[in-house]
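Here is the structure we will look at.
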Amino acid sequence: MRGFLASSTGVTCAAALALPLAPPAAAATSPAPAATSPTARPPAYAPGGTQSLPLAPLARDRAPGAAEQGLHPRHVRHFSLVGVVWDSPAAEFHGRVEVRTRATATGTWSDWQQLETHNAEHAADPGTPESASGRVRGATAPLWVGESDGVEVRARAENQPGTARSASPLPTGLRLELVDPGKGGPAPTNRARTGAAPSVLPALPALPARQRAEPHVGPRPSITTRRGWGADEKLREKGYVYTKKVKTAFVHHSATGNNYRCSQAPSVVRSIYRYHVNSMGWRDLGYNFLVDKCGQIYEGRAGGVSKPVLGAHTLGFNANSMGIAVLGTYSATKPSSAALKAIARLTAWKVGLYGINPRGKTYLKSGGGNLYRKGKKVRLNVISGHRDGFATNCPGKKLYAKLGTARSKAAQYQGR
């Protein structure tokens, strides 16, 4: 998401644990097709994976960091999500990245679509093992485009106000990442009979007041587990990292666009997962939970839906919080009532486990960012927007305006 302030702390990062990360993007991704001709045939299609294609200068300037880079139209293997990454997470991208894609089903090319270039605020806190792993890359937000087999991209540097042309080169090592989500999750399992993890954790009804051990814990909503949306657990780093509790829920939008059907949401989640791990170098998916526009909730970063898993969603405030990403872009589009209800139900249950009122305030200690220095105790709403912890547009103007509704509903679900 484009930040309101240019941050010198653009250290893109991701949560803790000094275990080896997933293989670096260059090793984990598929090789770029050699042919650049629009009529050349791409390699055979194999579902699931990432194609990583280096961008090249489009103008006379052939130097590294040239002011305009991209790829001319080309055939590629099937993909459904696209993003651009670069070498250093500390390098800020001042400019525009636009892509157009060709739909596999119809053979028609889309209009040019812009990628969100300021994405560093979705990351682990500065100085954590995940952020300091050496594997993390700078990246745009990913964009869901649906099943496609052709792509064209252009990246242009733009001057910041009051700067010279040479002050805003493009970051080095620009690569186009084309993600195919692969196959979906397994059929629902009978856990008691098979011993396998369930695909969906069913909603639990609220207990009568006289039976409640914790009178202000909302009932658990239905949650599609990682098994349910088809997570390839071999991609992520093994092991889990936890904090003490969940005091705050930071609401995000994924900025992947709204052009998806709810039946495609598991594919969108799988694609974001691959992008976060294989392309950006994180240890796992950054968000703790994701919500689609039909109100279905998906388990994000692994470690247990009821546990305080450390994510990589809000730079500076990942400890003792959870990140909830609503699939879509809500800068100009209103979120659905189903999505808001899901945010409220999820938060009422999760923060209720720790005795927290979702309509209240709490304090978190900043890990460092462009709004608050490291170590500062910051007073936040229990249900906050990403922009409350970092100067960013996320979760979009329209979604942020509805967080008061989510707070009220969540309190009602807790019986307050």
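What's counted below: heavy atoms across the whole structure, side chains too, no hydrogens, waters or symmetry copies. By convention here, the first residue in the shown sequence is residue 1.
Distance alone, capped at 3.5 Å, places no donor-acceptor pair between the Asn288 side chain and the Gly300 backbone. At least one donor-acceptor pair closer than 3.5 Å links the side chain of Lys350 to the backbone N or O of Val305. Under a 3.5 Å cut-off, the side chain of Lys183 and the backbone N or O of Gly48 do not form any donor-acceptor pair. Checked by atom type and distance alone, the side chain of His276 never pairs as donor or acceptor with a backbone atom of Trp282 at under 3.5 Å. At least one donor-acceptor pair under 3.5 Å links the side chain of Lys293 to the backbone N or O of Asn258. Under the 3.5 Å distance criterion, the side-chain polar atoms of Gln69 are left unmatched by any main-chain donor or acceptor of Ala155. Although no hydrogens or angles enter the test, the distance criterion places a donor-acceptor pair under 3.5 Å between the side chain of Arg387 and the main chain of Asn393. Of the possible donor and acceptor atoms, none in the side chain of Thr256 sits under 3.5 Å from a partner among the backbone N and O of Trp144. Formation of a donor-acceptor pair under 3.5 Å by the Arg236 side chain with backbone atoms of Arg301 is not found in this model. For the pair Ser384 (side chain) and Asn381 (backbone), a donor-acceptor distance under 3.5 Å is present.
Between Phe317 and Phe250, the ring-plane angle classifies as tilted under the 30° and 60° cut-offs. Taking the six-membered ring where tryptophan is involved, the planes of Phe289 and Trp349 are perpendicular, since the angle between them exceeds 60° and thus also 30°. The aromatic rings of Tyr273 and Trp229 sit perpendicular to each other, their planes meeting at more than 60°, with 30° as the lower class boundary.
In terms of the side-chain contact (heavy atoms from CB on, under 4.5 Å) criterion, residue partners of Arg154 (sequence neighbours excluded) are, by chain and number, Leu58, Glu98, Trp112, Arg156. Not counting sequence neighbours, the partners of Lys334 by the side-chain contact (heavy atoms from CB on, under 4.5 Å) test are Lys398. Judged as a salt bridge (charged side-chain N to carboxylate O under 4.0 Å, His left out), and not counting sequence neighbours, the contacts of Arg100 are Glu152. Here Tyr400 pairs with Asp388 under the side-chain hydrogen bond (donor to acceptor under 3.5 Å, both in side chains) rule; sequence neighbours left out. Legend: residues meeting side-chain contact (heavy atoms from CB on, under 4.5 Å) with Arg373, ordered by chain and number and at least two apart, are Lys376. Tyr298 meets the ring-ring contact (aromatic ring centres under 6.0 Å, His included) test with no other residue; sequence neighbours excluded. Under the salt bridge (charged side-chain N to carboxylate O under 4.0 Å, His left out) criterion, Arg359 pairs with no residue, sequence neighbours left out. Remark: Ser148 engages Phe79, Thr101, Val145 in a side-chain contact (heavy atoms from CB on, under 4.5 Å) (not counting sequence neighbours). Judged as a salt bridge (charged side-chain N to carboxylate O under 4.0 Å, His left out), and not counting sequence neighbours, the contacts of Asp232 are Lys234.
Side-chain polar atoms of Ser267 and Arg270 form a donor-acceptor pair below 3.5 angstrom. One side chain, Ser52 or Glu177, offers a donor N or O that lies under 3.5 Å from an acceptor on the other. Between Ser331 and His253, the side chains place no donor N or O within less than 3.5 Å of an acceptor N or O (distance only, hydrogens not considered).
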For side-chain contact (heavy atoms from CB on, under 4.5 Å), just list the numbers for Leu364 and Val378, CA-CA rounded to whole Å, side-chain angles, deciding distance to a tenth of an Å, and then say yes or no.
CA-CA 5 Å; Leu364 289 181; Val378 181; 5.6 Å; no
Stepwise side-chain contact (heavy atoms from CB on, under 4.5 Å) check, His252 with Thr314
CA-CA 9 Å; His252 305 255; Thr314 305; 3.2 Å; yes
So Ile324 and Val291, side-chain contact (heavy atoms from CB on, under 4.5 Å) or not? Walk me through it.
CA-CA 7 Å; Ile324 304 171; Val291 173; 3.9 Å; yes
Tell me, with the steps shown, if Leu201 and Glu299 meet side-chain contact (heavy atoms from CB on, under 4.5 Å).
CA-CA 10 Å; Leu201 297 178; Glu299 177 187 9; over 6 Å; no
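Among Val82, Asp149, Thr50, the one residue that satisfies the side chain to side chain contact (heavy atoms under 4.5 Å, CB included) test with Leu178 is Val82.
The list of disulfide bond (SG atoms under 2.5 Å apart) pairs with a residue in residues 224-257, not counting sequence neighbours, is empty. Residue pairs meeting the disulfide bond (SG atoms under 2.5 Å apart) criterion with at least one member in residues 225-260, sequence neighbours excluded, do not occur. Sorted by first and then second residue, the disulfide bond (SG atoms under 2.5 Å apart) pairs with a member in residues 280-341 read Cys262-Cys294; sequence neighbours excluded.
Of the inter-residue distances, the one linking Arg345 atom CZ with Lys409 atom NZ reads 9.0 Å to the nearest 0.5 angstrom. With values rounded to the nearest 0.5 angstrom, Thr329 atom OG1 is found 10.5 Å from Asn259 atom CG. Atom-to-atom distance recorded for Thr243:OG1 and Asn318:CG is 9.0 Å, nearest 0.5 angstrom. Here the straight-line distance linking atom OG1 of Thr405 with atom CZ of Arg407 works out to 9.5 Å at 0.5 Å rounding. With rounding to the nearest 0.5 angstrom, the CZ atom of Arg137 is 11.5 Å from the CH2 atom of Trp86. Remark: Ser306 OG to Leu353 CG distance equals 6.5 Å, nearest 0.5 Å.
Of all the heavy atoms in Ala344 and Ala406, the pair that sits closest is CB-O, 3.6 Å. Shown here for Gln296 and Thr224, the closest heavy-atom pair between the two residues is NE2-OG1, 3.0 Å. Here the shortest heavy-atom pairing between Ser321 and His313 reads OG-CE1, 3.3 Å. Across all their heavy atoms, Trp109 and Gly150 have their closest contact at CH2-C, 3.6 Å.
Side-chain contact between Pro181 and Leu81 is absent, with no heavy atoms from C-beta onward closer than 4.5 Å. Counting heavy atoms from C-beta outward, Pro126 and Leu315 have side chains that approach closer than 4.5 Å. With contacts defined as side-chain heavy-atom distances shorter than 4.5 Å, the pair Leu55/Leu170 does not qualify. Within the 4.5 Å cutoff, the side chain of Leu380 has no heavy atoms near those of the Tyr363 side chain. A 4.5 Å side-chain heavy-atom check between Pro358 and Tyr413 finds every atom pair outside the cut-off. When side chains are defined from C-beta on, Leu235 counts as touching Asn278, because their heavy atoms get closer than 4.5 Å. Contact check for Asp292 versus Val268: no side-chain heavy atoms found under the 4.5 Å cut-off. Taking 4.5 Å as the limit, every side-chain heavy atom of Asp180 sits out of range of all side-chain heavy atoms of Arg77.
Cation-pi check for Lys244 over Tyr354 is not met; the charged atom does not lie both under 6.0 angstrom from the ring centroid and within 45 degrees of its normal.
Around NZ of Lys247, the count of heavy atoms belonging to other residues, nucleotides or ligands within 6.0 Å exceeds 12.
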